[in-house]
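Notes for the one structure printed next.
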Amino acid sequence: MLLRKKEVMAFDRSKFTPVIRRSICTGESTAGFKDLKTGKFLEIMRISGKKDFHEFLKTYGIKEAEVTDEW
């Protein structure tokens with residue numbers, strides 16, 4: 001089995017903030033970064049449980065308290 005290394009984007013904390021977008025209708029959650037200047041959301045990965053959420057935090061060196069939720 002061949003494993004692919006995930007591409008990791010470094011983010012500038014002065015320009016982006018980590019965000020979890022949650023759908024009210026479907027309950028789907030998506031992790032990403034919001035551009036502080038434009039408000040544009042850059043989708044990184046789908047969150048289907050705590051394991052995915054903690055992987056997102058670990059991959060980008062983010063503390064849980066830094067992440068905001070958007071509906």
Side-chain angles (χ1 to χ4, degrees):
M1 177 167 50
L2 181 63
L3 296 175
R4 292 185 178 193
K5 186 176 179 181
K6 288 185 178 180
E7 184 177 328
V8 177
M9 174 191 95
F11 75 101
D12 184 349
R13 292 174 189 271
S14 67
K15 295 180 181 180
F16 295 93
T17 187
V19 173
I20 302 294
R21 276 213 169 155
R22 301 184 193 276
S23 170
I24 294 173
C25 298
T26 64
E28 183 177 280
S29 298
T30 306
F33 299 100
K34 184 174 182 180
D35 186 316
L36 295 172
K37 186 175 181 181
T38 65
K40 184 177 176 184
F41 180 73
L42 176 62
E43 183 178 316
I44 300 295
M45 65 185 286
R46 186 162 178 235
I47 304 294
S48 44
K50 288 189 179 223
K51 182 179 176 184
D52 292 336
F53 178 66
H54 290 291
E55 180 183 334
F56 173 68
L57 297 176
K58 183 179 176 184
T59 302
Y60 294 95
I62 302 167
K63 294 178 184 170
E64 194 169 340
E66 293 178 275
V67 181
T68 57
D69 287 342
E70 286 189 355
W71 300 93

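Keep in mind that the numbers below use all heavy atoms, side chains included, and drop hydrogens, waters and symmetry copies.
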task = Check the pair His54 / Lys50 against side-chain contact (heavy atoms from CB on, under 4.5 Å), numbers first and verdict last.
result = CA-CA 6 Å; His54 290 291; Lys50 288 189 179 223; 4.1 Å; yes
Compare every heavy atom of [Y] with every heavy atom of [X], then report the nearest pair and how far apart it is.
X     : Y     : answer
Asp52 : Met45 : O-CE, 3.6 Å
Thr59 : Glu55 : OG1-O, 2.7 Å
Tyr60 : Ile44 : OH-CG2, 3.4 Å

query = Got Phe11 and Ile62 here, is their nearest side-chain heavy-atom distance under 4.5 Å?
reply =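 Phe11 vs Ile62: side chains touch.
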message = Would you compute the distance between atom NZ of Lys40 and atom CG of Asp35 and round it to the nearest 0.5 angstrom?
response =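 Answer rounded to 0.5 Å: 8.5 Å.
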request  = Just say parallel, tilted or perpendicular for the rings of Phe33 and Phe56, cut-offs at 30° and 60°.
outcome  =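 Tilted, since the angle between the ring planes falls between 30° and 60°.
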ask   = Taking only residues two or more places apart in sequence, or in another chain, which ones meet Ser14 in a side-chain contact (heavy atoms from CB on, under 4.5 Å)?
value =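 Scan of Ser14 (side-chain contact (heavy atoms from CB on, under 4.5 Å), adjacent residues dropped) gives Asp12.
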Residue pairs fulfilling salt bridge (Lys or Arg N to Asp or Glu O under 4.0 Å) with at least one residue in residues 59-71, sequence neighbours excluded =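 Sorted result for residues 59-71: Arg13-Glu66, Arg21-Glu70, Arg22-Asp69, Lys34-Glu70.
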task = Show your reasoning for whether side-chain contact (heavy atoms from CB on, under 4.5 Å) applies to Leu36 and Thr17.
result = CA-CA 7 Å; Leu36 295 172; Thr17 187; 3.7 Å; yes
ask   = Between Val67 and Ile47, is there a shared hydrophobic cluster once you connect ILVMFWY residues whose side-chain heavy atoms come closer than 4.5 Å?
value =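 Val67 clusters together with Ile47.
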inquiry  = Are Leu42 and Ile20 connected into the same hydrophobic cluster when the rule is that any two of I, L, V, M, F, W, Y join if their side-chain heavy atoms are below 4.5 Å apart?
reply    =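 Yes, because Ile20 and Leu42 connect within a single hydrophobic cluster, where side-chain heavy atoms sit under 4.5 Å apart.
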